[in-house]
Protein chains: 2
Amino acid sequence: MTAGTAGTDAIEGSSAAQAPEDTRARLLGTALRLFSEHGVEGTSLQMIADALGVTKAAVYYHFKAKAEITEAVAEPAIRELDAIVDEAATHRRRGAQIDHLLDGFVDVVVRNRVLVALFSSDPGVARALEKTLHGSQTFKSKLMTVLVGPEPDLAAEVTARVTLAGIALAGGDPDLADVDDETLRRHLLDTARRLLGRPRRHPRP
Amino acid sequence: MTAGTAGTDAIEGSSAAQAPEDTRARLLGTALRLFSEHGVEGTSLQMIADALGVTKAAVYYHFKAKAEITEAVAEPAIRELDAIVDEAATHRRRGAQIDHLLDGFVDVVVRNRVLVALFSSDPGVARALEKTLHGSQTFKSKLMTVLVGPEPDLAAEVTARVTLAGIALAGGDPDLADVDDETLRRHLLDTARRLLGRPRRHPRP
């Protein structure tokens, strides 16, 4: 499939019935796959166009630069995470706040494993995260406040940071790629709850 | 200070008494500082030369490409880590193996915080790590074997991965940059020991 003109039609190719959102989603899905295979650095707009069977101009119609694609790929998971932190903060008891946050955080990590693996190995994705969150400091401090309160002692703060970083990095670890979502979710949650002093939920097998 | 010719003398500039190893160390120190300020991606050989007050040719005398500098910057810490894993494996009891590994791992992370922060945000440094270790799979599996035995259940494996990733990432977290080494070391160790079921060493304050 080839396309000589820029624009939505060029990307949609033969399936002209697709809505523009589908086209955009297809482009982002292809970009994520190529990013995970070659890294963000190693993926060009031309490669994305080739994989979709369209011209580079057709890709430009949707995104002006690779950085825009990186942001768009990461954005849904980041917004989801942001919403989870806000929801967690509405619970009255600290325990319920932590539970809500851990459940949501682990779930987002596990459902977006490929993306998370990229997050942890590519500065481009990290920059996209900062940009989407309009200064990740606000997000990070909201998140830490839910986990350890507004004025934590250093021990609690270090534990919380180890927990979040460890969950994210282990969740995206290619060595665990063949573990199914439900199993990985359960083990990550068990570990996180143990670290943060929450009672065990799943009986030992 | 300027230098018009390539070579060791050019970098040493006025302090001609320095040994070549000192020159190399000075170059690597400057590179690490620039990497941490601008990222590996954002640091050019020219910037390193400028910061040292020498020509780019003088830098080329020691390193043919930026990738070689990245590797050389990371190499000592990686070799140290590799040695710690081997030493840990020589202990007879599993508990002593884990203790040795955690002490060493946390210590290397804390002493190399700037480097570790780079590790976790730059694919170039990650590639250097793989290259120096001649296939990090061997290193990783040695390390995991010490922590959880040769045939761990999945729960133990996930916990160990969360621990190592969390320690490394939290240890390099710029938000904890003003915590002194000894304090950070103690808190990271406490967290890691708790996760891996090792008895508490430091009494609660």
Side-chain angles (χ1 to χ4, degrees), chain A residues 35 38-42 106 109 116 118-127 129-130 136-137 140-141 144 153-176 178-180 183-192 194-197 202 204-205, chain B residues 35 38-42 106 109 116 118-127 129-130 136-137 140-141 144 153-176 178-180 183-192 194-197 202 204-205:
Chain A
F35 287 168
H38 309 284
V40 176
E41 243 187 317
V106 167
V109 166
V116 170
L118 276 178
F119 263 81
S120 45
S121 71
D122 200 288
V125 181
R127 275 196 297 272
L129 178 133
E130 306 226 0
S136 69
Q137 205 49 51
K140 268 171 96 175
S141 75
M144 288 296 287
D153 62 19
L154 188 60
E157 198 186 328
V158 170
T159 300
R161 286 180 194 277
V162 170
T163 307
L164 295 177
I167 295 297
L169 227 64
D173 193 330
D175 289 350
L176 297 176
D178 57 352
V179 179
D180 68 89
T183 306
L184 184 60
R185 193 181 283 120
R186 180 160 51 86
H187 287 305
L188 288 175
L189 253 184
D190 278 352
T191 303
R194 190 143 54 89
L195 260 180
L196 295 173
H202 304 95
R204 282 196 183 277
Chain B
F35 287 167
H38 309 284
V40 176
E41 244 187 318
V106 168
V109 165
V116 170
L118 275 179
F119 263 82
S120 46
S121 71
D122 201 286
V125 182
R127 276 195 296 272
L129 177 133
E130 304 227 0
S136 68
Q137 206 49 52
K140 268 171 97 176
S141 76
M144 287 296 286
D153 62 20
L154 188 60
E157 199 186 326
V158 170
T159 300
R161 287 180 193 276
V162 170
T163 307
L164 295 177
I167 296 298
L169 227 65
D173 193 331
D175 289 349
L176 297 176
D178 57 352
V179 179
D180 68 89
T183 306
L184 184 60
R185 193 181 282 121
R186 181 160 49 86
H187 287 305
L188 287 176
L189 253 184
D190 278 351
T191 304
R194 190 144 54 88
L195 259 181
L196 295 174
H202 304 96
R204 284 195 182 277

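Convention: sequence-line order gives letters A, B, ...; per-chain numbering from 1. The analysis underlying the following values was restricted to heavy atoms, covering all of them including side chains, and did not include hydrogens, waters or symmetry mates.
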*Contacts of type side-chain hydrogen bond (donor to acceptor under 3.5 Å, both in side chains), residue Thr191(B), not counting sequence neighbours*: Thr159(A)
*asked:* As a quick check of understanding, evaluate side-chain contact (heavy atoms from CB on, under 4.5 Å) for Val162(B) and His187(A), giving each step before the final call.
replied: CA-CA 10 Å; Val162(B) 170; His187(A) 287 305; over 6 Å; no
*Report yes if the side chains of Met144(A) and Asp175(B) come closer than 4.5 Å at any heavy-atom pair, otherwise no.*
no
_List the residues meeting side chain to side chain contact (heavy atoms under 4.5 Å, CB included) with Asp180(B), not counting sequence neighbours, and say none if there are none._
Glu182(B), Thr183(B)
*For Arg194(B) and Leu195(A), indicate whether the former's side chain and the latter's backbone hold a donor-acceptor pair under 3.5 Å.*
yes
*Could you have a look at Ala170(A), Ala192(A), Gly171(A) and say which one has the most heavy-atom pairs with chain B under 4.5 angstrom?*
Ala170(A)
*Using a cut-off of under 4.5 Å on heavy-atom pairs, state which of Leu164(A), Asp173(A), Leu188(A), Asp153(A) scores highest against chain B.*
Asp173(A)
*For the residue pair Leu176(B) and Glu157(A), establish whether any side-chain heavy-atom pair is separated by less than 4.5 Å.*
yes
